[in-house]
Enquirer: 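Next up is a structure, given as structure tokens.
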Amino acid sequence: MDCEVRFAAVHEASTVDVLFRDFVLPMASPVISKRLSALPRRKQLEGFPLLHLDFYKDDAAVPDWAEWIHARKLQRTEPNRGIRYQRIATALEAVLADAGLALCGMALAAPLLDAGRLSLPFAMSTGKWTDHAFIARFRADSVARPQVRRFREWLDAESASTREWLTRKASAKRRARR
């Protein structure tokens, strides 16, 4: 294997390429977002299934549902109850199927958000940047090979595009609320 891409602590930054950090906040289908908006603010999550994404469990900056709800002074019975997912893709499939809401990073959901298939039912200010990042680690003996070098350049360009998208979305949401 010439390259490993994963979500991890950035303390090893000298031996890896830091691709991007993510921005985590609640995501829902447009149907569930519409239903949430019709409810009183403090009780918006009561009765809606909360999906738990264990993908971020090692990143202390990413809140679980109980922490997120408490910080917003919302009411919710048993916020840690619900289906647990290890992978972002399967959690997003459940959200798309109206199975509930998930605290999820925007970066990997970008195409679904841009297409309007997923929505952000709460303000951008309710989200948090991850401390961990998506990183790429290349084998030292492979980085000089032309195909690995081209892949690394492509990966760098794609991650720069993702960082730009996240920054643009976060800035646009803040400007809209002023």
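Below, all heavy atoms of this structure are taken into account, side chains as well, without hydrogens, waters or symmetry copies. Just so it is clear, the model here is predicted, and its values are computed rather than measured.
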Enquirer: As an exercise, state the distance from CD1 of I88 to CG of L108, rounded to the nearest 0.5 Å.
Expert: 4.5 Å
Enquirer: Under the criterion side chain to side chain contact (heavy atoms under 4.5 Å, CB included), I'd like the reasoning laid out for L92 against C104: C-alpha separation, chi angles, the key distance, then a yes or no.
Expert: CA-CA 8 Å; L92 291 177; C104 186; 3.9 Å; yes
Enquirer: Are F122 and W68 close enough that their ring centers fall under 6.0 Å?
Expert: yes
Enquirer: For R139 and M1, which heavy atoms make the closest approach, and how far apart are they?
Expert: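 The answer is NH1-O, 3.2 Å.
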Enquirer: CG of L39: more than 12 outside heavy atoms within 6.0 angstrom?
Expert: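 Yes.
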Enquirer: Where the side chain of R76 meets the backbone of K43, is there a donor-acceptor pair that is under 3.5 Å apart?
Expert: no
Enquirer: Given 3.5 Å as the limit, does a donor-acceptor pair link the side chain of Q44 with the main chain of L36, or not?
Expert: yes
Enquirer: Of all heavy-atom pairs between M124 and F23, which one has the smallest distance, and what is that distance?
Expert: SD-CE2, 3.0 Å
Enquirer: As an exercise, state the distance from CG of L19 to CG of L155, rounded to the nearest 0.5 Å.
Expert: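 So the CG of L19 and the CG of L155 are separated by 5.0 Å.
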Enquirer: Between R145 and D2, is the closest basic N to carboxylate O distance under 4.0 Å?
Expert: yes
Enquirer: Could you state the interatomic distance from OG1 (T90) to CG (L51), rounded to the nearest 0.5 Å?
Expert: 10.0 Å
Enquirer: For D98 and S29, which I'm curious about, is there any donor-acceptor pair between the side chains at under 3.5 Å?
Expert: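 On atom types as modelled, these side chains qualify, holding a pair under 3.5 Å.
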Enquirer: Looking only at heavy atoms, what is the nearest atom pair of P63 and K128, with distance?
Expert: CD-CD, 4.1 Å
Enquirer: Quick check against the 3.5 Å criterion: does T162 have a side-chain atom that pairs as donor or acceptor with the backbone of E158?
Expert: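 At least one qualifying donor-acceptor pair exists.
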Enquirer: With side chains defined as the heavy atoms from C-beta onward, is the minimum distance between L103 and L53 less than 4.5 Å?
Expert: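 No, every pair of side-chain atoms sits at 4.5 Å or beyond.
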Enquirer: Please confirm whether the backbone N or O of H132 pairs with a side-chain atom of T130, one donor and one acceptor, at under 3.5 Å?
Expert: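 Such a contact is found between T130 side chain and H132 backbone.
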Enquirer: Decide if the gap between the ring center of F55 and the ring center of F7 is smaller than 6.0 angstrom.
Expert: yes
Enquirer: Is the shortest side-chain N to carboxylate O distance from K169 to D114 below 4.0 Å?
Expert: yes
Enquirer: Which distance, rounded to the nearest 0.5 Å, do you find between the CE of M106 and the CG of L112?
Expert: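 That separation rounds to 11.5 Å.
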Enquirer: Any sub-3.5 Å donor-acceptor pair from R72's side-chain atoms to T126's backbone N or O?
Expert: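 Flag set: sc R72 to bb T126 pair under 3.5 Å.
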Enquirer: Which heavy atom in R81 sits nearest to a heavy atom in H52, and how many Å separate them?
Expert: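 Nearest pair, atom of R81 first, then H52: O-NE2, 3.0 Å.
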Enquirer: Quick one: pull up CZ in F20 and OG in S161 and give me the separation to the nearest 0.5 Å.
Expert: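 Rounded to the nearest 0.5 Å, the CZ-OG separation comes to 10.0 Å.
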Enquirer: If every non-hydrogen atom of D22 is compared with every non-hydrogen atom of F134, which pair is closest and at what distance?
Expert: OD2-CE1, 4.0 Å
Enquirer: Give me the atom names and distance for the closest heavy-atom approach of A123 to L25.
Expert: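 Shortest heavy-atom contact: O-CD1, 4.2 Å.
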Enquirer: Using 0.5 Å steps for rounding, measure from the CG atom of D17 to the CG atom of D156.
Expert: 7.0 Å
Enquirer: Output, in order, the C-alpha distance, side-chain angles, deciding distance and verdict of side chain to side chain contact (heavy atoms under 4.5 Å, CB included) for D64 and E67.
Expert: CA-CA 5 Å; D64 63 15; E67 294 165 320; 3.3 Å; yes
Enquirer: Are V5 and W154 linked, directly or through intermediate hydrophobic residues, by side-chain heavy-atom contacts shorter than 4.5 Å (ILVMFWY only)?
Expert: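 As far as the 4.5 Å side-chain criterion goes, V5 and W154 are connected within one cluster.
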Enquirer: With the side chain counted from C-beta on, respond yes when L120 and P26 share a heavy-atom pair under 4.5 Å apart, and no when they do not.
Expert: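 L120 does not reach P26 side chain to side chain.
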Enquirer: Could you tell me whether a side-chain N or O of D54 sits under 3.5 Å from a main-chain N or O of K57, the two making a donor and an acceptor?
Expert: no
Enquirer: Examine distances only and state if a side-chain atom of R152 and a backbone atom of V143 form a donor-acceptor pair shorter than 3.5 Å.
Expert: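 Flag not set: sc R152 to bb V143 has no pair under 3.5 Å.
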